[in-house]
K.L.:
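My questions will all concern the structure given below.
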Number of protein chains: 2
Amino acid sequence: MNRFQDQSPLHTLMHHLAKLPGLGPRSAQRIALHLLKKREAHLHPLMISLQQVSDHIQTCDACGNLDTTSPCHICADLRRDTAQLCVVADVADVWALERAHIFKGHYHVLGGVLSALDGVGPDDLRLGTLRQRVQQLGVREVILALAATLEAQSTAHVIRDQLADLPVAITRLAHGLPVGGELDYMDEGTLVAALQARR
Amino acid sequence: MNRFQDQSPLHTLMHHLAKLPGLGPRSAQRIALHLLKKREAHLHPLMISLQQVSDHIQTCDACGNLDTTSPCHICADLRRDTAQLCVVADVADVWALERAHIFKGHYHVLGGVLSALDGVGPDDLRLGTLRQRVQQLGVREVILALAATLEAQSTAHVIRDQLADLPVAITRLAHGLPVGGELDYMDEGTLVAALQARR
């Protein structure tokens, strides 16, 4: 190994980049060299925007969304329906639903799903405040917008248990064929779900 | 589109990340959310190391390598052989050769290869100082360690022309089968080169 890979700031940068999701040592090296080649165009703007995000983006105390304010713009929006609360695993799911312009209620971002494998227990998720919010907002329907994976579904199960004694309907997103999805590309689980939920 | 994707610092960050090599909008979103989820463990160390790299890593005035000093530790190393100069396209190529512990001469990093498609002309590469360095160092062999692509080879051709009148041998890396490479996975160009250069 040469000294770049042992001790220099460049090594440290590649080490940190390589730990980001989807990146490895090769892609980290490629990105680090690219940043140094284009300091003005890429390195400096990236540094500034990381600083901005670090300074200004916060987690909404209420729902767990990310925004420049807490409560976030969704929680603060009085036009939104407090009777519906949509539970999602991650902030990206909020964005996906917002892009679809279909849901006008409030969100609750868990921050992941329960996973024995990854060591994610109930205390690592925003589960404690869910019951509280359901009661405070006067929620009548909790929509579990969680993935159709084993871990997400066991998380859904825990939430159902937690809210069982409250006067609230608990629904989940329909499982079935994605719109535009071809039948012969679907896995068996999806086909079973789609057939059972036929109407 | 929601406001995250229009105006917030988070949007700006995802925009900058998405422009890095190998990343796109989806992976940029994933990385941005990951950084915000792990501020102490990932966001802050990344910010600090980008700042360190920006402050301390410079391009070696002599060879174009990246290091905390200029001249770089290779150019400053008096034990290295000034009679051999290895011309490479990128800094990553220097690292690859250094890892192999096979070359003990000096390097010359072009900073890319000529490419009409990408708009890389002779003035965008470190071609001007190559001739000068060959003369100053008293180089007797210039080794063109460039890829076996059309663009790299036309770059090699230009360098041969530039140095044609100097008393210096110009060699190139051998083309052939990679060590451990299976014959039936090789493209025809490699097989032709390997057969023609048989010994």
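Per chain, numbering begins at 1; letters A, B, ... match sequence-line order.
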K.L.:
Got A/Leu23 and B/Leu23 here, is their nearest side-chain heavy-atom distance under 4.5 Å?
P.N.:
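When only atoms from C-beta onward are counted, B/Leu23 and A/Leu23 do touch, with a gap below 4.5 Å.
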
K.L.:
Do any pairs count as a side chain to side chain donor-acceptor pair (under 3.5 Å) and have a residue in residues 172-183 of chain B, sequence neighbours left out, and if so which ones?
P.N.:
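For residues 172-183 of chain B: none.
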
K.L.:
Nearest 0.5 Å please: distance from the CH2 atom of A/Trp95 over to the CE atom of B/Met14.
P.N.:
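A/Trp95 atom CH2 to B/Met14 atom CE measures 4.0 Å (nearest 0.5 Å).
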
K.L.:
Determine which residues belonging to residues 122-140 of chain A lie within contact range of chain B, meaning some heavy atom pair is under 4.5 Å apart, and list them by number or answer 'none'.
P.N.:
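Residues of residues 122-140 of chain A touching chain B at under 4.5 Å: none.
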
K.L.:
Any side-chain heavy atom of B/Leu13 sitting closer than 4.5 Å to one from A/Ile57?
P.N.:
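The answer is no; the side chains never approach within 4.5 Å.
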
K.L.:
Please say whether more than 12 non-hydrogen atoms of neighbouring residues, nucleotides or ligands are located less than 6.0 Å from CG in B/Leu195.
P.N.:
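More than 12 within 6.0 Å, yes.
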
K.L.:
Among residues 35-52 of chain A, which residues come closer than 4.5 Å to chain B, judged by heavy atom distances?
P.N.:
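Counting heavy atoms that sit under 4.5 Å from chain B, the residues of residues 35-52 of chain A involved are A/Leu35, A/Leu36, A/Lys37, A/Arg39, A/His42, A/Leu43, A/His44, A/Pro45, A/Leu46, A/Met47, A/Ser49, A/Leu50, A/Gln51, A/Gln52.
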
K.L.:
List for me each residue that meets salt bridge (charged side-chain N to carboxylate O under 4.0 Å, His left out) alongside B/Asp81, sequence neighbours excluded, and say none if there are none.
P.N.:
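B/Asp81 satisfies salt bridge (charged side-chain N to carboxylate O under 4.0 Å, His left out) with no residue once adjacent residues are dropped.
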
K.L.:
Which atom pair, heavy atoms only, marks the closest approach of A/Val53 to B/Pro9?
P.N.:
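Scanning both residues, the minimum pair turns out to be CG2-O, 3.4 Å.
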
K.L.:
For B/Ser27, is it the side chain, the backbone, both, or neither that has a heavy atom closer than 4.5 Å to a heavy atom of chain A?
P.N.:
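For B/Ser27, neither part sits under 4.5 Å from chain A.
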
K.L.:
For A/Ile31, is it the side chain, the backbone, both or neither that has a heavy atom under 4.5 Å from a heavy atom of chain B?
P.N.:
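Interface part for A/Ile31: both.
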
K.L.:
Looking at A/Arg160, I'd like to know if its CZ atom is crowded, meaning that more than 12 non-hydrogen atoms belonging to other residues, nucleotides or ligands lie closer than 6.0 Å.
P.N.:
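Count over threshold, so yes.
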
K.L.:
Please look at A/Asp55 and chain B and tell me whether the side chain, the backbone, both or neither of the residue comes under 4.5 angstrom of a heavy atom of that chain.
P.N.:
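It is neither, since no heavy atom gets under 4.5 Å.
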
K.L.:
To the nearest 0.5 Å, how far apart are NE2 in B/His56 and OG1 in A/Thr12?
P.N.:
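Those atoms lie 11.0 Å apart.
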
K.L.:
Measure the spacing between CG of B/Asp67 and OG of A/Ser8 and express it to the nearest 0.5 Å.
P.N.:
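Going from CG on B/Asp67 over to OG on A/Ser8, the span is 7.0 Å.
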
